[in-house]
Number of protein chains: 4
Amino acid sequence: MKGAVVILEMPTKRLELLYAAARAFAEQGFDSANINEIASQAGLGKGTVYLYFANKKALYLGVIEYTVTSFNNLADHIMALPVSNWEKIEQVVHTFLTLDEEFIPFLTLWARHQFHHATEFQEDMAQIFSRLRQPLCEIVAAGVEQGEFHTEYPETMGYVILSLLAMLVPELQVPYGMPTIPRDQRSTLALDVIRKILGVNLEP
Amino acid sequence: MKGAVVILEMPTKRLELLYAAARAFAEQGFDSANINEIASQAGLGKGTVYLYFANKKALYLGVIEYTVTSFNNLADHIMALPVSNWEKIEQVVHTFLTLDEEFIPFLTLWARHQFHHATEFQEDMAQIFSRLRQPLCEIVAAGVEQGEFHTEYPETMGYVILSLLAMLVPELQVPYGMPTIPRDQRSTLALDVIRKILGVNLEP
Amino acid sequence: MKGAVVILEMPTKRLELLYAAARAFAEQGFDSANINEIASQAGLGKGTVYLYFANKKALYLGVIEYTVTSFNNLADHIMALPVSNWEKIEQVVHTFLTLDEEFIPFLTLWARHQFHHATEFQEDMAQIFSRLRQPLCEIVAAGVEQGEFHTEYPETMGYVILSLLAMLVPELQVPYGMPTIPRDQRSTLALDVIRKILGVNLEP
Amino acid sequence: MKGAVVILEMPTKRLELLYAAARAFAEQGFDSANINEIASQAGLGKGTVYLYFANKKALYLGVIEYTVTSFNNLADHIMALPVSNWEKIEQVVHTFLTLDEEFIPFLTLWARHQFHHATEFQEDMAQIFSRLRQPLCEIVAAGVEQGEFHTEYPETMGYVILSLLAMLVPELQVPYGMPTIPRDQRSTLALDVIRKILGVNLEP
DNA sequence: AATGAATGAGGCTTCATTCAT
DNA sequence: CATGAATGAAGCCTCATTCAT
């Protein structure tokens with residue numbers, strides 16, 4: 001339950017609820033997910049959910065909130081490392097592609113909102129997501145400024161790279177569509193493409 | 001109602017229903033979309049919907065089916081052009097980035113299922129999506145074979161390019177997040193990145 | 001279509017409608033029966049039904065009306081025969097147990113209302129059924145008066161006999177429950193029981 | 001609520017629901033009966049019905065199930081009495097003709113299915129009704145074997161007697177049709193006819 | 001006289017939410 | 001803090017009925 005990303009302090013029950021809810025929302029979507037089932041999965045009674053969250057929407061937003069905070073913790077950690085921009089990118093890639101399994105539901109929900117226009121609560125989501133750091137954007141921008149990377153649209157490239165990473169996580173992809181790249185080749189592939197996109201010179 | 005992509009022959013009522021449904025499903029998702037409202041939007045009574053589609057699910061699948069067929073028509077057209085692989089890619093990029101406005105809802109639904117693990121009817125969706133051509137994958141594969149492009153993962157790169165294009169359509173993005181690239185720079189940006197990814201030599 | 005009981009003059013289409021409706025109502029009940037299906041069975045379009053009957057209820061009452069009239073025709077015929085009361089009973093038994101197959105649905109509807117408190121339109125039904133002759137009641141009453149039969153409740157015994165006859169028609173019985181008496185023994189059995197009930201002396 | 005026939009143990013709410021449902025189904029039939037109204041009659045909210053029964057059909061079958069069990073309890077009691085077959089018949093007649101008023105709806109539903117080919121759920125009904133004891137059939141068969149009664153069709157005569165009893169309960173009859181026999185003469189009349197049918201010698 | 005496309009009232013059912021314990 | 005029995009709003013779907021042709 002406490003993956004590397006979890007630093008937030010909160011009562012265990014609330015956390016269990018967030019994880020159970022994340023699984024349900026990721027698998028079934030907001031409307032189809034069932035409060036009763038989420039409660040059971042969290043080892044709680046149906047009514048108890050309402051002691052922690054005002055209603056279903058608040059629970060959903062709580063999950064998203066937790067996701068953003070967790071991602072930010074990871075980002076903060078990487079951004080504070082005393083390494084080159086390229087090495088930071090390597091860190092982000094590695095971190096993203098080796099996330100703990102029980103964090104996948106949060107990743108799924110994040111991807112749904114980050115890239116493809118999920119329908120729930122645009123306004124509230126915008127507010128929560130405004131707090132989300134985009135380390136790749138920051139790194140690319142810094143790298144461009146320092147002449148390490150070359151691109152005219154640093155921020156956009158940050159998102160393009162993010163999207164690339166998302167495509168390499170099979171759990172984020174539909175069963176049909178893209179072929180699955182073997183686990184051990186994902187980082188290599190990703191870094192290879194990123195290098196091309198950012199015009200990074202191979203070897204000095 | 002008849003954008004460039006619409007070639008299918010069908011009763012006007014059914015078509016109006018598909019467009020109204022696509023708008024509703026894209027905006028609100030399957031569960032939240034309201035049959036009654038869709039009917040009204042299509043200028044029909046609630047009950048009339050059921051003359052054309054057996055139930056809400058069938059309506060949803062009908063929309064997806066229509067989307068796939070429309071995309072395939074576009075793909076067929078481009079793939080039949082007697083031009084180089086790179087020029088075909090230019091065609092795909094251009095077509096994708098200038099889709100008719102009333103096709104956007106279909107595009108939204110497509111993206112939701114293509115990239116991010118929508119929860120609706122996985123089995124039925126898989127069957128319908130198995131018919132979807134991926135012209136970019138085909139073009140990249142052909143280009144690699146003919147020495148025009150260079151990559152070790154042609155199919156994956158096809159999807160990466162697709163994802164890149166999706167990111168450049170503001171209607172597919174959440175209001176927060178990625179900055180919007182001006183309309184007239186999108187193709188240039190896209191082609192620039194694609195060239196790098198595929199290792200295409202810049203004309204002298 | 002024109003069994004022995006049909007004497008009423010009416011347009012063929014209306015008659016076909018009555019027969020189709022009788023089959024549907026008998027098999028599925030008033031609520032479950034489907035106007036569209038009845039129309040098809042009668043070789044008519046859905047809308048045409050409403051040229052002959054104001055609505056579903058009127059169609060149902062039309063069927064009942066037709067049933068009553070048909071039964072009365074049979075009764076009138078038998079009651080006019082110049083034979084003994086016992087021979088009239090034999091006639092009724094014979095007629096009842098050898099009704100034309102296509103009259104069975106009407107028989108079913110009649111039984112449903114005669115004996116067991118069907119729920120539809122009590123008021124209207126009462127009015128229509130008030131026209132129904134009960135030849136067995138009349139015969140028993142006459143027989144008692146003439147010393148041919150012996151019972152203190154002639155009318156009730158008329159209904160008891162009627163009920164007995166209904167029990168001997170397999171199409172009126174549920175698939176579980178009462179055993180089916182072979183066709184050729186039904187009259188014998190019925191007459192035997194009736195004789196006992198009415199205290200008719202065996203042989204002269 | 002607890003008539004002589006009620007022995008089953010079950011939550012009060014479920015029982016109230018069964019009684020309210022029985023009344024509604026008996027009066028209006030399966031289709032016309034309204035779940036919302038049944039719930040109100042039982043002093044419950046609409047949604048509560050679904051805590052006890054999966055759907056309308058299950059509620060209906062629940063009522064039938066309860067009916068069969070109740071009847072069987074009565075039958076078991078009578079069949080266990082250490083008295084002659086004729087006295088058992090007297091018991092059945094008495095019991096049948098003095099059933100508690102609030103059991104009448106169950107009686108109505110029973111009669112509808114026992115005798116007249118109700119249209120609801122033939123398959124499920126057959127299964128439930130296969131559990132229904134027919135004490136009259138059993139008694140007649142025993143009586144014939146012991147030389148107490150005389151008939152060639154014991155089982156059929158059991159049903160004939162049952163039908164006779166049903167005719168003597170005014171609540172089972174339509175308002176038109178058979179005349180109502182005064183309450184205090186019903187047993188006498190029934191036993192008189194039964195004696196004749198079964199060839200029982202009149203006491204000297 | 002005949003049709004069937006279109007309609008919308010009505011009813012079953014689900015499930016988020018409440019609240020007495 | 002915890003519970004789950006009870007609720008009723010909301011929405012899908014059916015089908016009798018209408019009406020333009």
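Computed from a predicted model, the values in this text were never measured in an experiment. Protein chains get the first letters and strands the later ones, always in sequence-line order, with residue 1 at the start of each.
- Applying the 4.0 Å criterion to OP1 and OP2 of F:dT7, one finds that D:Thr48 has a side-chain N or O inside that range.
- Of the residues in residues 53-63 of chain B, not one comes within less than 4.0 Å of DNA chain E through any heavy atom.
- A donor-acceptor pair under 3.5 Å links the side-chain atoms of C:Arg112 to the main chain of C:Ala26, judged by distance alone.
- Within the 4.0 angstrom heavy-atom criterion, no nucleotide atom of any strand lies near C:Phe30.
- Rounded to a whole Å, the CD1 atom of B:Ile38 is 14 Å from the C1' atom of F:dC13.
- Ring planes of B:Tyr176 and A:Phe129: parallel class, angle under 30° (limits at 30 and 60°).
- More than 12 non-hydrogen atoms from other residues, nucleotides or ligands lie less than 6.0 angstrom from CD of A:Glu171.
- Using cut-offs of 30° and 60° on the angle between ring planes, the pair A:Tyr19 and A:Phe106 is perpendicular.
- In this structure, B:Asn34 places its CG atom 5 Å from P of F:dG11, rounding to the nearest Å.
- Taken to the nearest 0.5 Å, the CG atom of D:Leu51 stands 12.0 Å off from the CZ atom of D:Arg14.
- With hydrogens and angles disregarded, a donor-acceptor distance shorter than 3.5 Å links the side chain of B:Lys56 to the backbone of B:Asp31.
- Take the nearest nucleotide of DNA chain E for A:Asn36 and for B:Lys13: the residue whose nucleotide is more 5' is B:Lys13.
- The distance between atom CD1 of D:Ile35 and atom C1' of F:dT7, rounded to the nearest whole Å, is 15 Å.
- The aromatic rings of B:Tyr60 and B:Phe25 lie perpendicular to each other, with more than 60° between the two planes, well past the 30° mark.
- Taking both residues in full, the closest heavy atoms of A:Ile64 and A:Met125 are given as CG2-CE, 3.4 Å, listed atom of the first, atom of the second, then distance.
- Counting heavy atoms of neighbouring residues, nucleotides and ligands inside a 6.0 Å radius, atom CD of B:Gln122 exceeds 12 of them.
- Among all heavy-atom pairs drawn from C:Lys46 and C:Asn36, the shortest one is CB-OD1, 3.7 Å.
- Paired runs in DNA chain F that reach 3 or more consecutive Watson-Crick or G-U pairs, where each pair keeps both distances under 3.5 Å, cover E:2-21 with F:2-21.
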Starting from the C-alpha separation in whole Å, work towards a yes-or-no answer on salt bridge (Lys or Arg N to Asp or Glu O under 4.0 Å) for D:Arg23 and D:Glu102. CA-CA 9 Å; D:Arg23 284 195 301 273; D:Glu102 62 190 353; over 6 Å; no

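- Going from atom CD of B:Gln28 over to atom C1' of F:dG11 covers 13 Å, rounded to whole Å.
- A pairwise comparison of heavy atoms in C:Asp124 and C:Lys57 identifies OD1-NZ, 3.3 Å as the closest pair.
- Nearest-nucleotide assignment on DNA chain F puts the 5′-proximal partner with A:Leu44, out of A:Leu44 and B:Ser32.
- The outermost nucleotides of DNA chain E lying under 4.0 Å from heavy atoms of chain A, listed 5' to 3', are E:dA16 to E:dT18.
- Within 4.0 Å (heavy atoms only), D:Ala33 reaches sugar-phosphate atoms of the nucleic acid but no base atom.
- Place B:Leu51 and D:Gly47 on DNA chain E by their nearest nucleotides, and B:Leu51 ends up nearer the 5' end.
- Computed from coordinates, the D:Lys46 NZ to F:dA9 C1' distance equals 7 Å when rounded to whole Å.
- Residue B:Tyr50 contributes atom OH, which lies 5 Å from atom C1' of F:dC13 at whole-angstrom precision.
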